[in-house]
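Atom set for the values below is all heavy atoms of this structure, side chains included, hydrogens, waters and symmetry mates excluded. A note on names: the letters A, B, ... follow the listed sequences, proteins ahead of strands, and every chain is numbered from 1. In this text, all values refer to a predicted model and were calculated from it rather than measured experimentally.
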Amino acid sequence: MHDLSTMPLTGRLLDADAAGKGVVDLEAYEASGGYQAARQAVTGMTPAEIRELVKDANLRGRGGAGFPTGVKWGFVPMDGAAAEGHKYLVCNADEMEPGTFKDRYLMEKDPHMLIEGMIIGAWAIEADKAYVFLRGEYHEPYRQLQDAIAQARSRGYLGEGIFGTGFNLELAVHRSGGRYICGEETALLNALEGKRAQPRTKPPFPPASGAWGRPTIVNNVETLCNVPAIVTNGADWFLELGRGEDAGTKVFGVSGRVNNPGLWELPMGTPIREIIDDHAGGMQKGYRLRGILPGGASTEFLVEEHFDLPMEYATIQAAGSRMGTGTMILMDDSICPVDMSRNLQHFFAQESCGFCTPCREGLPWVEQLLLDIEEGRGQPGDLEVLDRNADFIGAPGNTFCLHATGAIEPLMSALKYFRDDFEAHISTGRCPYREA
Amino acid sequence: MSEAQLISPLSAEEVEAIEAEIAHLPDRASAAIDALLIVQEKRGWISDESLAAIAGLLGMSTADLDSIATFYNLIYRRPVGRHVVMVCDSVSCYVMGCDRLRGAVEEKLGVKPGGTTEDGRFTLLPIVCLGACDRAPAMQVGKELFGPVAADDLDGIFGGFD
Ligand SMILES: Cc1cc2nc3c(=O)[nH]c(=O)nc-3n(C[C@H](O)[C@H](O)[C@H](O)COP(=O)(O)O)c2cc1C
Ligand code: SF4
Ligand code: FES
């Protein structure tokens, strides 16, 4: 049995795995204390108390930006005219950031944990409607969530008069039509409303005016999964879980040429090298690690000098990158940094929503220039052109949303750390990583 | 299914499933994406006739619905094979050799991305990260996820689909 006080997110599902079951079913979930936190919250705590608790626990969003969850919940109007009518809680389960596979894991293996987190989150803002905005390709999570929602409803955990109180909550799954930009929270709200997923102007921010113009909170899957254990164990417990400044555990992931790619729930502040060597089993024989994207495709490269740093928000930011989703992508010495950058820009160019010019026109142009350099058609001066345009496209404020910024960040860091590789392509007119 | 049933009107089951989605939502047009996915589920793609029928059911114009349908990657406005083969081309799979895998799939199926096999069994499409990066290179056939996939696995995988 895994200890839920040190592995609140994955202890149960690892037990289920060990027992040869693919998923934590309702019985197993309840047998290990499941839905007690929701009961305690809805029957014994006021919404304000929950918001304070989550604020005190310093839970920060696990969707990429790291915004404090309790603070965000505090922006929702709770009285007066603005609070009358529907309010919404939306779980962002779009997970399209390349290299990220943690939310799928949590939903497939322990769907009740997410549902319980959503019940508590909805109560904290007195939302009467909740949606899981789910990637269209996620068929297995869809099946698991649909089953779990039906079970929760049959127990009276969802629907009218939850736990015998006056609190009502409906929960439904919305499957996405598929576009990376749907993960951006205001674009997500347009998609939820059945429209094209274009980002909205902010302000107003969603807690004031979100889905269908009503107060709405959007939180990531992993963020919401953290909430039940915080209610059960308290803010101090959560603060203590982290190894450094940040609170709680995190589902960290590693993909690339390691011996044992995967996901592990570890304390916030676990050092990068420890995650790669002790958990992911180190690099495969014959491959040397050159760089990592620490938290998905839109985070800047970190290199050797950074590998002893702890994975925590402020530290990774000070090193010039972002924690992002905490699932790192490893670049080994067989991979050409120019071509890998081209692969990344291909994704971002294709997934641009097309609304603003620097992103719509600039990213395909950058992709093409990278392809030219990769294929030996680079010209002296190209790197300076790339630097300048990266600056222009990527600067926050030059585009309507952060998609373009996220696209450019890995490129700028590649130009910085792997400049020799870029220059060698141009001076020799070929990619040194390709067989002659 | 006969030719006539493949075009509009929508089946009773489809209408029922769409109405069930509408019940969760404040207005009918909000169910646009759900409705497109529901109709595509059985028919494989969204024909002009399906599009018009869905627009009618939701009380919106066909042009509006089409601008939504064409925005999303997973809604197909052209016929596809019985099973869509999606080979991930995002960064973790790139690092683990997705270009080689895609080449092997193209050779095995005898089609390029966007193409459908002559027997109408498979359509090959590129896809972004499937959220299976620890199993890279990954691919999905229909609703089933596979990874890590080596060229030698392809016969076995495709053999499982009729
Ligand atoms: C282009 C773009 C894509 C995003 N995709 C996701 C996503 O797939 N999942 C997610 O949780 N957040 C995503 N985000 C972040 C969301 O906008 C939002 O910050 C997050 O869902 C808030 O939840 P949290 O506070 O619990 O992290 C994305 C942001 C941008 C700019
Ligand atoms: S930055 Fe890109 S994705 Fe964001 S609104 Fe502009 S065009 Fe759309
Ligand atoms: S990058 Fe291919 S599954 Fe994530």
Side-chain angles (χ1 to χ4, degrees), chain A residues 86 95-105 129 131 135-141 170 172 174-180 182 191-198 211-212 214 253-257 260-263 293 297 327 329-332 334-335 339-340 343-344 346-347 350-351 353 410, chain B residues 20-38 40-41 46 58 60 64-65 67-76 84 86 88-99 126-138 140 142-145 147-148:
Chain A
H86 292 301
E95 192 159 72
M96 278 181 79
E97 172 86 4
T100 305
F101 48 109
K102 67 187 181 69
D103 296 339
R104 174 202 278 279
Y105 179 68
K129 283 266 187 187
Y131 296 94
R135 258 196 93 164
E137 294 92 336
Y138 275 16
H139 297 290
E140 186 56 24
E170 286 302 333
H174 171 95
R175 282 179 302 164
S176 174
R179 245 353 240 279
Y180 173 64
C182 292
L192 184 66
E193 292 182 15
K195 300 175 183 150
R196 294 164 67 105
Q198 246 133 18
W212 298 283
R214 301 295 311 159
V254 176
S255 64
R257 291 264 170 217
N260 179 32
L263 295 161
L293 300 169
T327 45
I329 303 145
L330 273 45
M331 185 182 85
D332 61 75
S334 74
I335 299 296
D339 200 46
M340 180 162 162
N343 173 278
L344 291 165
H346 173 72
F347 169 82
Q350 172 186 308
E351 294 298 324
C353 86
Chain B
E21 294 296 336
I22 293 170
H24 297 303
L25 297 164
D27 56 56
R28 300 183 71 80
S30 292
I33 297 158
D34 306 283
L36 290 163
L37 290 173
I38 286 167
Q40 184 171 279
E41 172 96 29
I46 301 293
L58 300 181
M60 58 199 296
D64 271 354
L65 187 62
S67 83
I68 294 164
T70 52
F71 184 85
Y72 292 101
N73 299 334
L74 296 177
I75 293 169
Y76 310 132
V84 176
M86 298 170 154
C88 173
D89 65 6
S90 288
V91 63
S92 305
C93 289
Y94 164 82
V95 166
M96 298 305 284
C98 66
D99 289 343
I127 188 76
V128 300
C129 177
L130 286 165
C133 324
D134 54 342
R135 289 180 271 166
Q140 189 158 303
K143 293 184 177 179
E144 250 184 279
L145 184 64

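Exactly one residue among B:Val91, B:Asp89, B:Val128 makes a side chain to side chain contact (heavy atoms under 4.5 Å, CB included) with A:His346. That residue is B:Asp89.
Note: B:Ser92 OG to A:Leu330 CG = 9.0 Å, rounded to the nearest 0.5 Å. We find the CG-CE distance between A:Asp332 and B:Met96 to be 8.5 Å, quoted to the nearest 0.5 Å. Rounding to the nearest 0.5 angstrom, the gap separating the CD1 atom in A:Ile329 from the OG atom in B:Ser90 is 9.0 Å. For the atom pair A:Trp212 CH2 and B:Asp27 CG, the distance stands at 7.5 Å (nearest 0.5 Å).
Contacts of A:Gln350 with chain B are made by side-chain atoms alone, with heavy-atom separations under 4.5 Å and no backbone atom involved. There is no contact between A:Asn260 and chain B, counting heavy-atom distances below 4.5 Å. In this structure, chain A has no heavy atom under 4.5 Å from any part of B:Leu58. No part of A:Ala211 comes within reach of chain B, as not one of its non-hydrogen atoms sits under 4.5 angstrom from that chain. Residue A:Tyr180 does not touch chain B at all, counting heavy-atom pairs closer than 4.5 Å. With a 4.5 Å cut-off on non-hydrogen atoms, B:Ala136 does not touch chain A at all. Heavy atoms closer than 4.5 Å to chain B are found in both the backbone and the side chain of A:Cys353. B:Ala20 does not touch chain A: none of its heavy atoms, backbone or side chain, sits under 4.5 Å away.
Counting only distance, with no hydrogens or angles, the side chain of A:Arg196 and the backbone of B:Phe71 share no donor-acceptor pair below 3.5 Å. Looking at A:Tyr105, its side chain never comes within 3.5 Å of a backbone N or O of B:Gly131 through a donor-acceptor pair. Remark: the backbone N or O of B:Ala32 is not paired with any side-chain donor or acceptor of A:Lys195 at under 3.5 angstrom.
In this structure, the side-chain contact (heavy atoms from CB on, under 4.5 Å) partners of B:Leu37, at least two apart in sequence or on a different chain, are A:Arg175, B:Ile33, B:Ile75. Remark: A:Tyr138 pairs with no residue by the ring-ring contact (aromatic ring centres under 6.0 Å, His included) rule, at least two apart or across chains.
Side-chain contact between B:Tyr94 and A:Pro98: absent, with no pair of heavy atoms (C-beta onward) separated by less than 4.5 Å. In this structure, the side chains of B:Ile127 and A:Glu137 come closer than 4.5 Å at one or more pairs of heavy atoms. Using a 4.5 Å heavy-atom threshold, the side chains of A:Phe101 and B:Asp134 count as touching.
Residue with the most contacts toward chain B among A:Glu140, A:His86, A:Met340, A:Glu351: A:Met340 (heavy-atom pairs, distance under 4.5 Å). Across A:Pro261, A:Ser176, A:Gly177, the residue that shares the most heavy-atom pairs under 4.5 angstrom with chain B is A:Gly177. Chain B forms the most heavy-atom pairs under 4.5 Å with one residue out of A:Cys182, A:Ser334, A:Ala197, A:Gly262, and that residue is A:Ala197. For the set A:Glu97, A:Met331, A:Lys129, the entry with the most heavy-atom pairs within less than 4.5 Å of chain B is A:Lys129. Options B:Val95, B:Asp64, B:Thr70 differ in how many heavy-atom pairs under 4.5 Å they form with chain A, and the most are formed by B:Val95. Interface summary for chain A: among B:Leu65, B:Leu145, B:Leu130, the most heavy-atom pairs under 4.5 angstrom belong to B:Leu130. With chain B as partner, the option from A:Gln198, A:Arg135, A:Lys102, A:Glu170 having the largest number of non-hydrogen pairs under 4.5 angstrom is A:Arg135.
The shortest non-hydrogen separation linking B:Cys129 to A:Met96 is CB-O, 4.5 Å.
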